[in-house]
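A short write-up of the structure that comes next.
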Amino acid sequence: MINAENVTKIYDNGAKGVERLSLNILDGEFIFVVGSSGSGKTTLVKLLLKEIEPTEGKLSVNGIDLATLTRAQMPFYRRKMGVVFQDFRLLPNKTVYENVAFAMQIVGASNREIRRSVPSVLAWVGLARKAKAYPNQLSGGEQQRTALARAIVNKPPLLLADEPTGNLDPDTAWDIVCLLEDINNRGTTVVVATHAKEIVDSMKKRVVTLKNGAILRDVEKGGYSDEF
């Protein structure tokens with residue numbers, strides 16, 4: 001699914017995002033990427049989204065060498081992944097239903113497909129009764145559930161989550177992580193960049209720890225390390 005070979009990213013100001021990072025993530029895995037601020041987590045997510053380019057090394061996703069992608073191919077590449085951010089990034093002038101439907105519209109889904117799929121995914125994330133609400137009428141947890149619904153409505157093979165519980169209270173954060181695990185159990189590869197120590201320790205998933213842009217450790221069924 002994801003293969004990084006000696007990937008280095010140095011920004012224009014000389015800051016090092018990641019350095020000689022090599023990582024292999026298989027189809028269907030659930031992996032936490034952890035580390036202190038500046039360790040390289042967000043850089044890795046941006047590289048996978050091809051928002052930024054590596055300075056050196058090779059990065060491929062689902063068999064596609066990202067270096068070969070043209071600008072015209074980028075929208076098609078990104079349609080095959082779902083993305084969830086800490087700040088939700090919902091469209092404020094659209095309802096919950098419309099936010100999720102929009103993700104289907106941009107991939108060319110028919111109105112019939114949208115009418116069938118959106119209510120189903122909203123029910124699955126517990127938002128069936130909030131379909132007509134706007135983002136400013138939702139709690140933080142409801143906004144993140146909407147973002148999750150939008151991310152998975154097209155059934156992508158890969159879901160990237162960058163600090164998905166960062167703005168949530170502990171109970172709500174657990175609800176979101178349980179949804180992520182359910183998504184993974186349905187066959188989607190899930191990569192979560194997070195600071196949430198308690199969640200990582202309790203989930204016992206694969207944990208990749210970054211420090212100064214490099215992999216400090218990669219542990220199956222591991223926990224969050226404080227040794228940064």
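Owing to the predicted nature of the structure, the values given are computational and were not obtained by experimental measurement.
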Worksheet, complete the sentence: Which of L49, V45, T43 passes side-chain contact (heavy atoms from CB on, under 4.5 Å) with L47? It is T43

Item to complete: Could you pull out the closest heavy-atom pair between E142 and L138, with the gap in Å?
Response: OE1-CA, 3.4 Å

Item to complete: Determine the minimum heavy-atom distance between H195 and E163, stating which atoms define it.
Response: ND1-OE2, 2.6 Å

Worksheet item: Judged by atom type as modelled, is there a donor-acceptor pair below 3.5 Å linking the side chain of T165 to the main-chain atoms of L168?
Response: no

Worksheet item: Are I176 and W174 grouped together when hydrophobic residues (ILVMFWY) are joined by side-chain heavy atoms under 4.5 angstrom apart?
Response: yes

Worksheet item: Passes side chain to side chain contact (heavy atoms under 4.5 Å, CB included), R145 versus W124? Steps please.
Response: CA-CA 10 Å; R145 285 172 181 267; W124 180 64; over 6 Å; no

Fill in: Least distance between heavy atoms, G40 atom then L210 atom
C-CD1, 3.7 Å

Item to complete: Can you establish whether the number of heavy atoms outside F102 located under 6.0 Å from its atom CZ is more than 12?
Response: no

Worksheet item: How about E51: does its CD atom have over 12 heavy atoms from other parts shown lying under 6.0 Å from it?
Response: yes

Fill in: Trace of the side chain to side chain contact (heavy atoms under 4.5 Å, CB included) decision for Y97 with R115
CA-CA 10 Å; Y97 182 100; R115 288 195 299 268; 4.1 Å; yes

Worksheet item: Are the side chain of E19 and the backbone N or O of V7 linked by a donor-acceptor pair below 3.5 Å?
Response: no

Fill in: Exceeds 12 heavy-atom contacts within 6.0 angstrom, atom NZ of K16
no

Discussion item. Please report the interatomic distance CZ(R89) to CD(Q144), rounded to the nearest 0.5 Å.
Written reply: 11.0 Å

Discussion item. Does N154 form a side chain to side chain contact (heavy atoms under 4.5 Å, CB included) with M104? I'd like the steps, not just the answer.
Written reply: CA-CA 6 Å; N154 291 319; M104 298 189 70; 3.4 Å; yes

Item to complete: Report the distance from atom CD1 of I2 to atom CD1 of I64, rounding to the nearest 0.5 Å.
Response: 12.0 Å

Worksheet entry | Separation between CG of N3 and CG of N62, rounded to the nearest 0.5 Å | 12.0 Å

Fill in: Atom pair CG (D175) and CG (L148), whose distance is rounded to the nearest 0.5 Å
11.0 Å

Worksheet item: To the nearest 0.5 Å, what is the distance between OG (S117) and CZ (R112)?
Response: 11.0 Å

Worksheet item: Any chain of hydrophobic side-chain contacts (each under 4.5 Å) joining I215 to V219?
Response: no

Item to complete: Using a strict cut-off of less than 4.0 Å between a Lys/Arg side-chain nitrogen and an Asp/Glu carboxylate oxygen, indicate whether D162 and K46 qualify as a salt bridge.
Response: no

Worksheet item: side-chain contact (heavy atoms from CB on, under 4.5 Å) with R206: which of L26, V33, I25, V191?
Response: I25

Item to complete: Could you state whether L91 and V118 fall into the same hydrophobic cluster, counting links through intermediate Ile, Leu, Val, Met, Phe, Trp or Tyr residues with side-chain heavy atoms under 4.5 angstrom apart?
Response: no

Worksheet item: Closest heavy-atom contact between R79 and I106?
Response: NH2-O, 3.1 Å

Worksheet item: Is the side chain of R186 donor-acceptor paired with the backbone N or O of K155 at a distance under 3.5 Å, no angle test?
Response: no

Worksheet entry | 4.5 Å side-chain heavy-atom contact, F30 and V192 | yes

Worksheet item: For the side chain of N184 and the backbone of E29, is there at least one donor-acceptor N/O pair under 3.5 Å apart?
Response: yes

Fill in: Euclidean distance, D87 CG relative to Q143 CD, rounded to 0.5 Å
10.0 Å

Worksheet item: Does CG belonging to N13 count more than 12 external heavy atoms closer than 6.0 Å?
Response: yes

Worksheet item: Step by step, would you call L159 with V84 a side chain to side chain contact (heavy atoms under 4.5 Å, CB included)?
Response: CA-CA 8 Å; L159 176 65; V84 179; 4.0 Å; yes

Worksheet entry | Any donor-acceptor N/O pair, T8 side chain to R20 backbone, under 3.5 Å | yes

Item to complete: Look at the side-chain heavy atoms of Ile, Leu, Val, Met, Phe, Trp and Tyr, link any pair under 4.5 Å apart, and say whether L160 and I52 land in one connected group.
Response: yes

Discussion item. Could you check whether any side-chain N or O of S22 sits under 3.5 Å from a backbone N or O of E5, counting only pairs where one atom can act as donor and the other as acceptor?
Written reply: no

Discussion item. Counting C-beta onward and ignoring hydrogens, is there a side-chain heavy-atom pair between I199 and T194 closer than 4.5 Å?
Written reply: no

Discussion item. Using only atom types and a distance under 3.5 Å, with no angle test, would you say the side chain of T55 pairs donor to acceptor with the backbone of I10?
Written reply: yes

Item to complete: Considering non-hydrogen atoms only, spot the tightest contact between L158 and M1 and give its length.
Response: CB-SD, 4.2 Å

Worksheet item: Would you say K205's side chain and F32's backbone share a donor-acceptor pair under 3.5 angstrom?
Response: no

Worksheet item: Which pair of non-hydrogen atoms, one from A101 and one from I114, has the smallest distance, and what is that distance?
Response: CB-CG2, 3.7 Å

Item to complete: Examine distances only and state if a side-chain atom of K9 and a backbone atom of E53 form a donor-acceptor pair shorter than 3.5 Å.
Response: yes

Worksheet item: Are L66 and M81 co-members of a hydrophobic cluster defined by side-chain heavy atoms under 4.5 Å apart?
Response: yes

